[in-house]
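As the structure is a prediction and not an experimental result, all values here were calculated from the model.
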Amino acid sequence: MGFVPFTFVDLIDIILVAMIMYWIYRMTKGTNAPYILSGIIAVYLLWVVVRALNMELLSTILGQLISVGAIALIIVFQPELRRFLQMIGMRQKQFNFITRIFSTGEDTVQTNVVPIVTACREMSEAKTGALIVIGQQSDLRLIAEGGIALDAKVSTSLIKNIFFKNAPLHDGATLIEGDRIVAAKCILPVTQSDVPKSFGTRHRAAIGMSEISDAIIIVVSEETGEISIAQGGEIHQRVDPVRLQQTLQRYLTINSRKRSKKEVAE
């Protein structure tokens, strides 16, 4: 049994794989994907060591295991992989060159938060459950296509009518982009992270949506009337209307400045 020394190409290969795995880990933090990655990395490192030691039998077995394992992973972990691909597709801010290629050149319309905040305040007082997604840079077409298309101007009355308890569109989330309500009754991905048991489906969906996009998600609890806001994988509870308006304006202003800086740089 001889020893096959590492080459410079092998070293670069390992470094690149480690970088890719770390990037995937950062992208999927809070999901089950890191556990899957740990197993993949362990098998891969074992295969590298076995190959370096020129252990032909084990190298062949592990090589076959990796080949078949790739197909098995796709089948077994289909929901996680689909969520991961969805996460990559929605994070356009990390793929600006793709956005520029398919951009229509139209100016982004700023979202008016006043009617949204007013609707949330009145629904909170009436304890009307609501789930509102305010899009930013992420591509939310998949979310919109899963709901009922509206394409209506944002207004307090319309938002309240959508989430009225007996309304046909009150289940699911309402998607707002710019000054338009794009769709209602949208289905959002539920977070796989550990959250308090007191969180209902709306809160879990809000966190899940914020994990895979840069959208801002507002939740109005049907049980308590409390307003929560989720962004970047985190959720803030018991937000009063004044703080809600300030938070929304801050998020949207920061995002608008980032867009302006990128346009100037380009």
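- Between the SG atom of Cys186 and the CG atom of Leu169 there is a distance of 9.5 Å, given to the nearest 0.5 Å.
- Nearest heavy atom pair, residue Leu140 against residue Met209, reads CD2-CE, 3.4 Å.
- Under the 4.5 Å side-chain criterion, counting only non-hydrogen atoms from C-beta, Leu150 is not in contact with Thr174.
- Applying the ring pair (Phe, Tyr, Trp, His ring centres under 6.0 Å) rule to pairs touching residues 164-184 yields nothing, sequence neighbours excluded.
- Within the structure, the ring pair (Phe, Tyr, Trp, His ring centres under 6.0 Å) test picks out the following pairs touching residues 189-221 (sequence neighbours left out): Phe199-His203.
- Counting only N and O atoms by type, the side chains of Gln231 and Thr247 include no donor and acceptor under 3.5 Å apart.
- Residues Ile187 and Ile217 do not share a hydrophobic cluster, defined by chaining ILVMFWY side chains whose heavy atoms lie under 4.5 Å apart.
- Taken to the nearest 0.5 Å, the CD1 atom of Ile227 stands 8.0 Å off from the CD1 atom of Ile218.
- A donor-acceptor distance shorter than 3.5 angstrom exists from the side chain of Ser210 to the backbone of Gly233, with no hydrogens or angles considered.
- Legend: ring pair (Phe, Tyr, Trp, His ring centres under 6.0 Å) pairs involving residues 172-194, not counting sequence neighbours: none detected.
- Between the side chain of Glu177 and the backbone N or O of Gly135 there is no donor-acceptor pair closer than 3.5 Å.
- Applying the side-chain hydrogen bond (donor to acceptor under 3.5 Å, both in side chains) test to Glu223 and every residue at least two apart in sequence or in another chain returns Ser221.
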List the atom pairs, donor and acceptor, that lie under 3.5 Å between side-chain atoms in residues 115-134 and the rest of the protein, sequence neighbours left out.
from: Thr118; atom 1: OG1; to: Val114; atom 2: O; distance (Å): 2.9
from: Glu122; atom 1: OE1; to: Lys160; atom 2: NZ; distance (Å): 2.7
from: Ser124; atom 1: OG; to: Gly225; atom 2: O; distance (Å): 2.3

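- Scored by the salt bridge (Lys or Arg N to Asp or Glu O under 4.0 Å) test, Arg243 finds no partners at all (sequence neighbours excluded).
- Interatomic distance, Ile235 CD1 to Thr191 OG1, rounded to the nearest 0.5 Å: 10.0 Å.
- Note that the OG atom of Ser228 and the CG atom of Leu244 stand 10.0 Å from one another [nearest 0.5 Å].
- In this structure, Val154 and Thr111 have side chains that are not in contact, with every pair of non-hydrogen atoms separated by 4.5 Å or more.
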